[in-house]
2 protein chains.
Amino acid sequence: MLSLTEENYLKAIYHLSDGGSKAVLTNELAEAMSTKAASVTDMIKKLSAKEVITYEKYYGVNITAQGKSEALMVIRKHRLWETFLVDKLGFAWDEVHEVAEQLEHINSPRLIEKLDEFLGYPKVDPHGDPIPDHKGKIKIIPQVPVDQLAIGYQGKIAAVKDSDSNLLKYLDKIGARPGVKIKVLGKEEYDDSMEILIDDHRVFISKAVSQNILVVG
Amino acid sequence: MLSLTEENYLKAIYHLSDGGSKAVLTNELAEAMSTKAASVTDMIKKLSAKEVITYEKYYGVNITAQGKSEALMVIRKHRLWETFLVDKLGFAWDEVHEVAEQLEHINSPRLIEKLDEFLGYPKVDPHGDPIPDHKGKIKIIPQVPVDQLAIGYQGKIAAVKDSDSNLLKYLDKIGARPGVKIKVLGKEEYDDSMEILIDDHRVFISKAVSQNILVVG
DNA sequence: GTATATTTTTAGATTAGTCTAAAAAATAAT
DNA sequence: ATTATTTTTTAGACTAATCTAAAAATATAC
């Protein structure tokens with residue numbers, strides 16, 4: 001049984017390790033959790049005792065199979081709740097992250113199964129991110145941020161990073177939503193800004209923005 | 001801003017004081033919160049400092065107007081979530097209390113307003129209890145437990161106490177749900193059991209049960 | 001109306017999560 | 001390869017919520 005705080009740490013470790021494929025350093029985690037390295041070291045010991053991560057002093061943490069499964073359940077809950085808020089309650093996609101951060105900690109397996117059913121077993125959340133199924137299986141879609149694309153690329157927006165509400169508001173304004181057509185027209189060397197076509201509308205975006213729009217790789 | 005624990009204490013105080021109409025003693029509260037009197041004294045000091053209750057040493061606590069309003073908001077959330085679980089997700093009424101105990105602490109005024117709208121502004125929850133509106137206004141229906149009724153009484157079940165899941169399962173089995181017709185046929189002096197008619201079906205119920213079925217007074 | 005019993009409060013500890021400041025280990029620099 | 005820098009860990013302290021044991025206040029008994 002993990003506490004709310006432990007769940008949040010584990011989720012951050014899952015994301016920072018790219019789903020368990022690399023080790024996470026203390027300072028990285030401190031940054032992600034908006035806390036101090038000393039606090040992270042303490043928490044790492046607890047999570048390690050609960051066997052959801054392995055930990056070697058000074059070398060960072062790795063998530064275990066059990067930890068991965070627990071992290072995926074939290075992510076499943078988060079993304080199902082976001083879908084509920086947008087599809088059923090009429091929230092805008094830029095308003096749901098904070099609330100879902102709370103709802104993801106509600107502990108009731110039955111509730112989540114019922115919610116999943118009620119939503120019609122959605123495969124992705126409103127930001128385009130895949131929703132793990134009830135067994136914790138997640139379909140990882142290799143995603144590339146737009147700032148790494150070459151001129152001439154054509155495709156569809158797969159997802160957008162969902163952390164910042166102001167960014168999402170802006171993306172919504174320029175029409176950058178999952179599923180929408182996108183084409184790279186040009187790149188500006190000196191500031192890494194880009195000229196792109198979103199659903200046939202020409203827009204100029206800064207690097208801060210292009211990094212947060214993801215296409216299928 | 002109240003913590004989760006503080007909200008739970010305040011809710012218990014609201015209920016034990018019958019909506020603020022009488023003082024609540026330390027031991028009563030300790031019993032209700034399944035904790036020790038010493039812990040209650042500590043918490044009382046905190047709630048008192050936050051001005052949601054007033055407190056005189058050795059004489060118990062009274063809820064303030066502000067405290068009442070905050071308690072009613074928690075109750076509103078609890079009852080809206082219960083309604084959601086039953087009406088939308090298909091939970092049975094005896095399964096929702098525990099989950100609603102968690103959901104009632106989600107902090108997002110917008111979420112609650114949207115949920116209320118989604119549910120069609122329900123007036124009562126699945127157990128027949130009134131749902132406070134967005135201003136915290138609650139329509140108090142004077143409710144009398146069946147064990148206090150005289151032989152011959154006829155009326156409708158207004159609500160059932162929703163704390164114990166086993167009791168609710170039993171009530172469901174004998175058809176004792178809010179809105180159902182009820183008539184008192186007889187009372188047994190030595191064990192306070194009763195013979196009643198529920199929707200025209202004759203049943204014998206113990207005092208433990210009759211105390212938990214409420215009719216309009 | 002003093003003694004006894006009950007209720008409530010205080011005192012001192014404990015656990016989870018956090019912090020600052022200092023020590024220890026690892027990495028980088030010359 | 002020794003010094004300097006960065007990263008990480010330890011040590012000690014703080015807050016919220018809890019506990020046990022003991023003291024204080026109130027209520028009850030005869």
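All chains are named by letter (A, B, ...) in the order of the sequence lines, taking the proteins before the strands, and each is independently numbered beginning at 1.
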Participant: Would you kindly give the CE-to-P distance between A:Met33 and C:dC19, to the nearest whole Å?
Facilitator: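 So the CE-P distance, A:Met33 to C:dC19, works out to 10 Å.
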
Participant: If you measure from the Lys or Arg side-chain nitrogens to the Asp or Glu carboxylate oxygens, is any gap between B:Glu113 and B:Arg76 under 4.0 Å?
Facilitator: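 A salt bridge is present here (some side-chain N lies under 4.0 Å from a carboxylate O).
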
Participant: Of the options D:dT18, C:dT9, C:dT18, whose atoms approach the side-chain atoms of A:Ser39 most closely?
Facilitator: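 That would be C:dT18.
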
Participant: Please give, in whole Å, the distance from C:dT9 C1' to B:Lys46 NZ?
Facilitator: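 Atom-to-atom, B:Lys46 to C:dT9, this comes out as 15 Å.
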
Participant: Should we say atom NZ of B:Lys68 is surrounded by more than 12 heavy atoms from elsewhere, each under 6.0 Å from it?
Facilitator: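 It does not: B:Lys68 NZ has 12 such atoms or fewer within range.
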
Participant: Take the protein atom OH of B:Tyr59 and the nucleotide atom P of D:dA24, then report the distance between them rounded to whole Å.
Facilitator: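 Roughly 18 Å, once rounded to whole Å.
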
Participant: Surrounding CD of A:Glu31 (heavy atoms of other residues, nucleotides or ligands, distance under 6.0 Å), is the total greater than 12?
Facilitator: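 Incorrect, the count does not exceed 12.
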
Participant: Inspect the contact between B:Lys187 and B:Asp192 and indicate whether a charged nitrogen and a carboxylate oxygen are less than 4.0 angstrom apart.
Facilitator: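 Salt bridge absent between B:Asp192 and B:Lys187.
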
Participant: Just to confirm, is there a sub-4.0 Å distance from OP1 or OP2 of C:dT9 to any side-chain nitrogen or oxygen of B:Thr41?
Facilitator: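 Yes.
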
Participant: Compare side-chain N and O positions of A:Thr35 against OP1 and OP2 of C:dG17 and report whether any pair is under 4.0 Å apart.
Facilitator: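 Checking A:Thr35 against C:dG17: no side-chain N or O falls below 4.0 Å of OP1 or OP2.
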
Participant: Starting the side chain at C-beta, find the nucleotide from C:dT8, D:dT10, D:dA17 nearest to B:Leu25.
Facilitator: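 Among C:dT8, D:dT10, D:dA17, the one nearest the side chain of B:Leu25 is C:dT8.
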
Participant: Given atom CG of A:Asp42 and atom P of D:dA13, what is their separation to the nearest angstrom?
Facilitator: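 Nearest whole value for this atom pair: 15 Å.
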
Participant: Between B:Lys36 (NZ) and C:dA11 (P), how many Å, whole number?
Facilitator: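 Going from B:Lys36 (NZ) to C:dA11 (P), I get 21 Å.
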
Participant: Send over the distance from A:Glu31 CD to D:dT6 P, rounded to a whole Å.
Facilitator: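 Rounded to whole Å, this separation is 16 Å.
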
Participant: Can you tell which of C:dT18, D:dT10, D:dA17 lies closest to the side chain of A:Lys57?
Facilitator: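 Of the candidates, D:dT10 comes closest.
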
Participant: Nearest to the side chain of A:Ala38, which nucleotide is it out of D:dT8, D:dT18, D:dA11?
Facilitator: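 Comparing D:dT8, D:dT18, D:dA11 against the side chain of A:Ala38, the answer is D:dA11.
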
Participant: Quick check for you: among C:dT18, C:dG17, D:dT18, whose closest atom lies nearest to any side-chain atom of A:Glu6?
Facilitator: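 So the nucleotide nearest the side chain must be C:dG17.
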
Participant: Nearest to the side chain of A:Tyr58 - D:dT9, C:dT20, D:dC19?
Facilitator: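 The answer is D:dT9, which lies nearest to the side chain.
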
Participant: Does OP1 or OP2 of C:dA16 have a side-chain N or O of A:Thr5 closer than 4.0 Å?
Facilitator: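 Answer is no, no contact under 4.0 Å.
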
Participant: Taking 4.0 Å as the cut-off, does a side-chain nitrogen or oxygen of A:Asn27 come that near to OP1 or OP2 on D:dT6?
Facilitator: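 No, no such contact exists.
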
